[in-house]
Amino acid sequence: MKRRRPIPQPPSTPPTPTLLKTLVSNSKPTSNSSKKPMILIKTPQTPPPTTPISPKWVPLNIAKSELSLALTFPTGQTFRWKQTTPLQYTGVIGSHLISLKHLQNGDVAYLIHQSPSEENARSALLDFLNVGISLSEMWEVFKASDSRFAELAQYLGGARVLRQDPLECLIQFLCSSNNNIGRITKMVDFVSSLGNYLGSVGGFDFYEFPSLDRLSMVSEEDFREAGFGYRAKYIIGTVKALQSKSGGGIEWLASLREMDLQEVVDALSTLPGVGPKVAACIALFSLDQHHAIPVDTHVWQIATRYLIPELAGARLTPKLCSRVADAFVSKYGKYAGWAQTLLFIAELPSQKTILPPKFWAIEENKDTNIKASTTGNGPCGSSLSITKSC
DNA sequence: GGGAGACCTAGTAA
DNA sequence: ATTACTAGGTCTC
C-alpha cells in the first residue's frame with residue numbers, strides 16, 4: 001500500500017504562497033546517514049479549507065466507446081491517476097481532485113472531491129479528456145484501412161489519448177526511461193507529494209503537481225535518496241533549463257502546443273533526459289501532437305510485425321525510430337499517435353484477459369524460427385517474447 | 001551516422 | 001545464495 005512519504009525540505013524562501021501546508025524544517029542530511037533518512041516530515045495532512053463540496057456523481061455525455069477508463073488510465077499515459085475502487089479512477093487536474101467512473105449505460109460520470117470551483121473543474125476535466133476529438137470518427141478511418149485495427153477495436157473501444165499538463169507529463173516521462181511501471185509510479189508519487197495536498201481517496205493521497213519553483217528546491221541528492229537513480233540529474237537539469245527560459249518555463253512548454261512536431265521534438269530534446277522516446281510521449285500526451293509516435297521496444301515489435309517486416313531483426317537505432325514513426329504516420333495519418341496507442345495497448349499483458357487468444361501470440365510466421373516453445377504455462381507464456389535483437 | 005557501455009533499481013529467472 | 005537479465009532510454013565516448 002502506499003504510505004505518506006516524507007518530502008525534502010524546501011529552502012527558506014517560500015516561492016509561492018502555499019496555502020495551509022506547514023513544513024517542518026530540518027537540516028539537510030548530506031551525511032552518511034543510513035538509507036532511509038528522510039529529510040523532513042510533513043505535518044498531519046488536512047485537506048485545504050476550501051468550501052465543502054457535496055460529493056455527487058455528475059454524468060458526462062461521453063459514451064464508453066469514446067472513453068473507456070480502464071483502457072485509458074492504467075495504460076502508461078499517466079502515472080498520476082489511481083484506481084481507487086474497482087470501477088473508479090481518481091486523479092488531480094490542476095487543483096481539482098476528481099474521480100471518474102462508468103455509469104450503468106457505460107457513460108462516464110465524474111465526482112469532484114476537492115476544488116476551488118466546480119465550474120472550472122468541469123471545464124478542466126473536459127479539456128483533460130480531450131473531448132473535442134471524436135475517437136469513434138477517427139477509428140472509422142483506421143478500421144477502414146487496417147483490418148487488424150478493426151478487429152482489435154472491437155475489444156478495445158474507448159482507448160483515448162489524454163491531454164495532460166505539459167510539465168506534469170514531462171516530469172513523469174523523465175522518470176520513465178529504462179524503467180518499469182511500478183517504480184515509475186513510486187517516483188511520480190514522490191514528485192507529486194511535493195505539491196499541495198488535496199485529499200485522500202481510496203487510501204491514496206492526492207496532490208497538486210508541484211510548481212517549477214517548488215521542484216527547483218529539491219536537490220539531486222534528495223531525488224537520489226528517493227530512489228530516482230541517475231534520473232535525478234535529469235530532473236534537476238530539466239527544471240533548471242525550464243526556469244532559465246525567458247518568459248518562463250511553463251509558458252515555453254505551452255508554446256510548443258502551437259508548433260510543428262519536429263520543432264517540438266527538437267525543443268524538448270534540448271532538455272537533459274529527454275530523448276526521442278520521451279519527447280514523443282510528451283508531445284503526444286500533452287502537446288497536441290497527435291501524430292507523435294513514441295517508439296519503444298513494444299512499438300518496434302508491432303512495427304516490424306505489421307508495418308515494416310523487412311526490418312524485423314534489426315536493432316532499434318534512433319534512425320530506425322524515425323523510420324518507424326514515419327511508417328505509422330503514412331499508414332494512419334495525422335492521428336497516428338492515437339492509432340499507435342490502441343495497438344500498443346493490445347500488446348500489454350494486462351489486456352490478455354479481454355482479447356481472444358488469437359491476438360495473444362505472435363502470428364505464426366512462415367519462418368518456423370519462432371516455434372511455440374511454451375509448453376508449460378499455457379498459450380500466453382509471454383507474447384512479447386520475440387527476442388529483442390537477433 | 002552508428003556502435004558500445006554506463007547508468008539506478010527492483011523484480012524475476014537461472 | 002549469487003548472478004544475469006529486463007524494464008515504455010539517454011548520454012557520452
Rounded to the nearest angstrom, tell me the gap between atom [atom1] in [X] and atom [atom2] in [N].
X         : N       : atom1 : atom2 : result
Tyr234(A) : dA6(B)  : OH    : C1'   : 10 Å
Phe223(A) : dT9(B)  : CZ    : C1'   : 17 Å
Met187(A) : dA7(C)  : CE    : P     : 17 Å
Lys319(A) : dG3(B)  : NZ    : P     : 11 Å
Asn178(A) : dA10(B) : CG    : P     : 14 Å
Arg231(A) : dA10(B) : CZ    : C1'   : 11 Å
Leu174(A) : dC8(B)  : CG    : P     : 14 Å
Arg183(A) : dG9(C)  : CZ    : P     : 12 Å

Please name all residues satisfying side chain to side chain donor-acceptor pair (under 3.5 Å) with [X], sequence neighbours left out, ordered by chain then number.
X         : value
His290(A) : Trp338(A)
Trp252(A) : none
Asp288(A) : Arg163(A)
Lys331(A) : none

(message) By the ring-ring contact (aromatic ring centres under 6.0 Å, His included) test, which pairs, at least two apart or in different chains, include something from residues 267-289 of chain A?
(response) Phe173(A)-Phe285(A)
(request) Return yes if some donor-acceptor pair links the side-chain N/O of Glu263(A) with the main-chain N/O of Glu258(A) below 3.5 Å, else return no. (result) no
(request) Using side chain to side chain contact (heavy atoms under 4.5 Å, CB included) as the criterion, list what pairs up with Thr185(A), not counting sequence neighbours. (result) Phe79(A), Lys82(A), Ile181(A), Asp189(A)
(request) Please state whether the rings of Phe204(A) and Phe206(A) are parallel, tilted or perpendicular, taking 30° and 60° as the class boundaries. (result) tilted
[atom1] spacing across the pair [N] / [M], given as an integer number of angstrom:
N       : M       : atom1 : result
dG8(C)  : dA13(B) : P     : 15 Å
dG5(B)  : dC5(C)  : C1'   : 16 Å
dC13(C) : dC8(B)  : P     : 15 Å

(message) Assess whether a salt bridge exists between Glu347(A) and Arg305(A), defined as any Lys/Arg side-chain N lying under 4.0 Å from an Asp/Glu carboxylate O.
(response) yes
(message) Quick check on contacts: within residues 262-286 of chain A, what sits under 4.0 Å from DNA chain B by heavy-atom distance?
(response) none
(request) Using a 3.5 Å limit on both pairing distances, list the dot-bracket string of DNA chain B from the 5' end; Watson-Crick and G-U wobble pairs count, crossing pairs take [ ], interstrand pairs take |. (result) ..|||||.||||||
(request) Not counting sequence neighbours, list each pair that qualifies as a side chain to side chain donor-acceptor pair (under 3.5 Å) and has a residue in residues 59-73 of chain A. (result) Glu66(A)-Ser134(A), Glu66(A)-Ser136(A), Glu66(A)-Arg160(A)
(request) Look at the side chain of Phe344(A) and decide which nucleotide, out of dG8(C), dG2(B), dG9(C), has an atom nearest to it. (result) dG8(C)
(message) Need the glycosidic conformation of dG11(B): syn if within 90° of 0, anti if not. Which one?
(response) anti
(request) Could you tell me whether the phosphate oxygens of dC8(B), OP1 or OP2, come under 4.0 Å of any side-chain nitrogen or oxygen in Arg224(A)? (result) yes
(message) Categorize Ile184(A) for me: base, sugar-phosphate, or nothing, with a 4.0 angstrom heavy-atom threshold over every strand shown.
(response) nothing
